Amino acid sequence: MCVGADETYMRVALEVARSKGSDPSTSPLGCVIVLDGEVIAAERNQTQELPDATAHAEMMAIRRACETTGEMELRGATLYSTLQPCGMCTMASIWSKVGRVVYGAGREDVHPMYFEAKHVDTLAFIGDAYRDDIEIEGGCLAEECASLYYSPDADLSADEQANL
């Protein structure tokens with residue numbers, strides 16, 4: 001559960017995600033990055049449009065935030081994502097030195113197609129292997145965020161599953 005600023009910024013991320021439409025097969029994921037109380041980047045998944053397999057919402061937002069600040073590091077910034085970041089986006093958060101990651105729906109809240117086929121506990125990875133100065137908080141508006149995606153028990157054919 002989240003309150004105050006976290007809820008406000010997660011609602012912005014939800015709005016960004018919905019700008020892609022409402023079809024869960026397109027992974028309508030939204031991400032905003034906030035620094036000193038100001039949104040410095042707001043992006044959605046753009047993998048199909050670009051086409052670029054690395055154009056996840058978090059990756060695009062990190063790129064925009066770095067362009068905005070003119071810096072490679074985002075110390076003190078908070079990244080808000082409607083879905084728990086994948087391994088690639090987690091590593092980008094680590095390398096860009098984001099101070100905090102807040103996500104909505106977790107991997108248990110949505111269909112497995114949205115994550116790597118073999119589970120890598122990226123949250124533990126951060127704590128164990130890299131940084132002790134990054135905070136991770138999940139479950140902010142989790143139900144509302146999860147409604148953007150297929151449910152965990154959705155009966156989908158292999159053709160419909162984007163990541164598998």
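Remember, it's a predicted structure, so these values are computed and weren't measured experimentally.
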Could you tell me if the side chain of [Y] sits less than 4.5 Å from the side chain of [X], heavy atoms only?
| X | Y | answer |
| --- | --- | --- |
| Leu14 | Val12 | no |
| Asp6 | Glu137 | yes |
| Cys31 | Glu43 | no |
| Val101 | Ile134 | yes |

Looking at residues at least two apart in the chain, or sitting in another chain, which of them share a side-chain contact (heavy atoms from CB on, under 4.5 Å) with Ser147?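 Checked Ser147 against side-chain contact (heavy atoms from CB on, under 4.5 Å); zero matches.
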With Glu73, which residues qualify under side-chain contact (heavy atoms from CB on, under 4.5 Å), at least two apart?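 Once residues adjacent in sequence are excluded, the partners of Glu73 under the side-chain contact (heavy atoms from CB on, under 4.5 Å) criterion are Arg75, Lys97.
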Just by distance, do the side chain of [X] and the backbone of [Y] share a donor-acceptor pair under 3.5 Å?
| X | Y | result |
| --- | --- | --- |
| Gln84 | Arg107 | yes |
| Thr68 | Ile40 | yes |
| Thr47 | Ala55 | no |
| Asp109 | Gly106 | yes |

Using a strict cut-off of less than 4.0 Å between a Lys/Arg side-chain nitrogen and an Asp/Glu carboxylate oxygen, indicate whether [X] and [Y] qualify as a salt bridge.
| X | Y | value |
| --- | --- | --- |
| Arg44 | Glu49 | yes |
| Arg11 | Glu144 | yes |
| Glu15 | Arg18 | no |

Output the distance between atom [atom1] ([X]) and atom [atom2] ([Y]), rounded to the nearest 0.5 Å.
| X | Y | atom1 | atom2 | result |
| --- | --- | --- | --- | --- |
| Trp95 | Thr90 | CH2 | OG1 | 14.0 Å |
| Cys86 | Leu29 | SG | CG | 9.0 Å |
| Ser27 | Gln48 | OG | CD | 9.0 Å |
| Cys89 | Ile94 | SG | CD1 | 11.5 Å |
| Thr82 | Met10 | OG1 | CE | 7.0 Å |
| Asp52 | Met59 | CG | CE | 8.5 Å |

For the residue pair [X] and [Y], what are the closest heavy atoms and their distance?
| X | Y | result |
| --- | --- | --- |
| Gly104 | Ala142 | O-CB, 3.7 Å |
| Gly30 | Ala17 | N-CB, 3.3 Å |
| Asp153 | Ser151 | OD1-OG, 2.8 Å |
| Met88 | Ala53 | CE-O, 4.0 Å |
| Pro112 | Pro152 | CD-O, 4.0 Å |

Specify whether Tyr80 and Tyr9 have parallel, tilted or perpendicular ring planes, treating 30° as the upper limit for parallel and 60° as the lower limit for perpendicular.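 Rings of Tyr80 and Tyr9: tilted, 30 to 60°.
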Assess whether side chain to side chain contact (heavy atoms under 4.5 Å, CB included) is satisfied between Leu141 and Cys2, documenting all intermediate values. CA-CA 7 Å; Leu141 301 179; Cys2 61; 4.0 Å; yes
Just do the side chain to side chain contact (heavy atoms under 4.5 Å, CB included) check on Leu74 and Leu35 with the steps written out, would you? CA-CA 8 Å; Leu74 298 171; Leu35 181 63; 5.8 Å; no
Same apolar cluster (I L V M F W Y, side chains within < 4.5 Å links), Met60/Val98: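 Unlinked, Met60 and Val98 end up in two clusters.
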Decide if atom CG of Asp23 counts as having more than 12 heavy atoms of other residues, nucleotides or ligands within a radius under 6.0 Å.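 Yes, enclosed.
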Between Thr54 and Arg63, do the side chains contain a donor N or O and an acceptor N or O under 3.5 Å apart?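 Yes - a donor-acceptor pair under 3.5 Å links their side chains.
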Carefully, step by step, assess Ile33 and Val39 under the rule side chain to side chain contact (heavy atoms under 4.5 Å, CB included). CA-CA 6 Å; Ile33 297 179; Val39 175; over 6 Å; no
Hey, is Cys140 close enough to Cys145 that the SGs sit under 2.5 Å?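 The sulfur gammas are not closer than 2.5 Å, so no.
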List the steps and the verdict of side chain to side chain contact (heavy atoms under 4.5 Å, CB included) for Leu79 and Ile62. CA-CA 8 Å; Leu79 181 149; Ile62 289 169; 4.0 Å; yes
